2 protein chains.
Amino acid sequence: MTRSLSGVQSVLRAIRLLKMFTDAHPEWRLKDLARAVEMNKATTYRLLSALEAEGLLVRDTRTGAYRLGPEIIALGGRALRSNDLRSAGYAELEWLASAAGEAATLEILVDDQVLILEEIPASHLLAPWQTIGTRHPAHATSTGKLLLAFLPPHERTAHLHPPLQRLTEKTIIDLEALEKQMALIRAQGYATAIEELEDGYVAVSAPVRNHDGEVVAAVSIGGPITRLNAGRLPECIELVRQAGRRISERLGFREHLAESVEHVGADVAKGERRM
Amino acid sequence: MTRSLSGVQSVLRAIRLLKMFTDAHPEWRLKDLARAVEMNKATTYRLLSALEAEGLLVRDTRTGAYRLGPEIIALGGRALRSNDLRSAGYAELEWLASAAGEAATLEILVDDQVLILEEIPASHLLAPWQTIGTRHPAHATSTGKLLLAFLPPHERTAHLHPPLQRLTEKTIIDLEALEKQMALIRAQGYATAIEELEDGYVAVSAPVRNHDGEVVAAVSIGGPITRLNAGRLPECIELVRQAGRRISERLGFREHLAESVEHVGADVAKGERRM
DNA sequence: GATGATGTTGCACAATATGACACGATCCCT
DNA sequence: AGGGATCGTGTCATATTGTGCAACATCATC
């Protein structure tokens, strides 16, 4: 897993520390953190101090515990703003959300999870950033399965770390079943996930392609199964696919190239990977 | 400039690299970046590779240029969710209270009232936390007027339920007069309330902005008119504004973005921005 | 197909990051 | 309040790790 990157041990360690600050555990004390990452207390201390000095972490003035700092927030904002995918997607996402009357998201694949780049909530409750930046297991979401499906086969394994976690009764945790599902998704050009991530939650997604025809993101709508029932699903699928096509167009994708692109995409992606 | 932090050179360098990715220059090529930070090309390369391997940076598949990556977005989201106003504000509020020698508060707008989120009492008075959680009519407080002033016009009406209650002789209860006052507040960047809430009570407040430049809260100091008289007001205003800026920074707001954010916001988040 | 520019890797050296230890502060428990 | 345990911070010797140099590979341009 860890590449033979040499000469950057301390940087990797510092990043490892940063990544320990999750939603589940947003605050760490030196001792616990040092033990959790199995590093010397003094070393951890120095790294944390450096991160703090640079504003990537802050300490609670009272307890002395570390948290993610303002500089991370600022960097995150910049990362979001410099993401042309997100700006290309925003308008269409808005359209999609209002056309479908459900929450719409734009997501990408990161390791074995999907990351929410942009979200338009269903109601008019403006809650920006509430879910932007959050992640879900790829195998349990419509977007994740779709993004995996359009990956070159040999890359796919790198994005799946069995055993797959079961989140609901309907979560697909069998690799073979997942492969079949992905073949279907490729053939259909869209994906669904019905109560696979959470009981009562349904989502539908479609691919977003860049100028090269490569699938770089997924658009989706999601909502309660009571609203997104079998009767309404076909309509929703059509809407999501349309949104996906439109965002792709904004990224320079031209429909009529679709056929030839499939192999080119596979080749290109294959060639530029390591070794 | 660099403190006596030793044993973390490479980490500091890596962070320096990260921070080079600004809104003005969101994309870097190895060579330019190496030159810009005055580091050896190979060293820069290794650091960038490490950051890329960890997902903090991504490379453009065709040009090979580096950009901020998804992991930064994810971290930013977490930082935002874990860094609430209160903890961000506490330290600065303490500073403000001791610098001004008066009670300092952090407040947000809830319906037509302001809610005190955090308070540091004046140095000589006792009774800590006595007012946390209490509310005052927005139109009669410096913080309330300020928070209203920075709201989009159409939202403002939802936060004002005429007829406005008269609390002292100086309370502004005329909507037009209030509008004028708010225009002034926007122009000045701070607000005052002199005996508008209570006879003999004076307060000064300044805005707190989040990573998007949105005004999400107000800091203020308040005290008896005998101490907070015309002579001391300018000094107090400066202190409050400074505290406001510092808290904003902790929330990820970057001063130099102030202008650009305004129109990016117009594109991206149509509803929640003013103008 | 040659030329230049940019990105990547190998290697030797020493500066840098590391862990062990010790001191100091703070919290907690009785 | 006192005394003990726990956690954070500083020091120092050591060799591991990060560094710069320079050669090599790759890509774009003409």
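Everything numeric in this text was worked out from a predicted model, so none of it was measured. Chain naming here is simple, since letters A, B, ... match the order of the sequence lines and numbering starts at 1 in each.
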Atom pair OG (A:S10) and CZ (A:R46), whose distance is rounded to the nearest 0.5 Å = 10.5 Å

OP1 or OP2 of D:dT17 under 4.0 Å from side-chain N/O of B:S10 = no

Under 4.0 Å: is that the gap between some side-chain N or O of A:R13 and OP1 or OP2 of C:dT18?
-> yes

Provide, to the nearest angstrom, the distance between the [atom1] atom belonging to [X] and the [atom2] atom belonging to [N].
X	N	atom1	atom2	result
B:Q9	C:dA14	CD	P	16 Å
B:L47	C:dA17	CG	P	11 Å
B:W28	C:dG7	CH2	P	13 Å

Go through residues 29-45 of chain B and report each residue with a non-hydrogen atom lying under 4.0 Å from DNA chain C, sorted by number.
-> B:R29, B:L30, B:K31, B:K41, B:A42, B:Y45

Please say whether the positively charged group of B:R59, taken as NZ for Lys or CZ for Arg, lies over the ring of B:Y66, i.e. under 6.0 angstrom from the six-membered ring centre and within 45 degrees of the axis.
-> yes

Inspect the contact between B:E54 and A:R16 and indicate whether a charged nitrogen and a carboxylate oxygen are less than 4.0 angstrom apart.
-> no

Taking the side chain as every heavy atom from C-beta outward, state whether A:H159 and A:L151 have any pair of such atoms under 4.5 Å apart.
-> yes

Flag the pair B:I247 / B:F253 as yes when at least one side-chain heavy-atom distance between them is below 4.5 Å, and no otherwise.
-> no

Check: protein-nucleotides 27-30 of chain D nitrogen or oxygen pairs below 3.5 Å:
none

Which of these passes side chain to side chain contact (heavy atoms under 4.5 Å, CB included) with B:R78: A:L18, A:T22, A:T134?
-> A:T22

Choose from D:dG18, D:dG8, D:dG20 the nucleotide whose nearest atom is closest to any side-chain atom of B:R46.
-> D:dG20

Closest to the 5' end of DNA chain D, once A:Y66 and A:V11 are matched to their nearest nucleotides, is A:Y66

Less than 3.5 Å apart, which donor and acceptor atoms pair up between the side chains of residues 30-44 of chain A and the rest of the protein, not counting sequence neighbours?
{"from": "A:N40", "atom 1": "OD1", "to": "A:A42", "atom 2": "N", "distance (Å)": "2.7"}
{"from": "A:T44", "atom 1": "OG1", "to": "A:N40", "atom 2": "O", "distance (Å)": "2.8"}

List the atom of A:L85, the atom of A:V208, and the distance in Å for their closest heavy-atom pair.
-> CD1-CG1, 4.2 Å

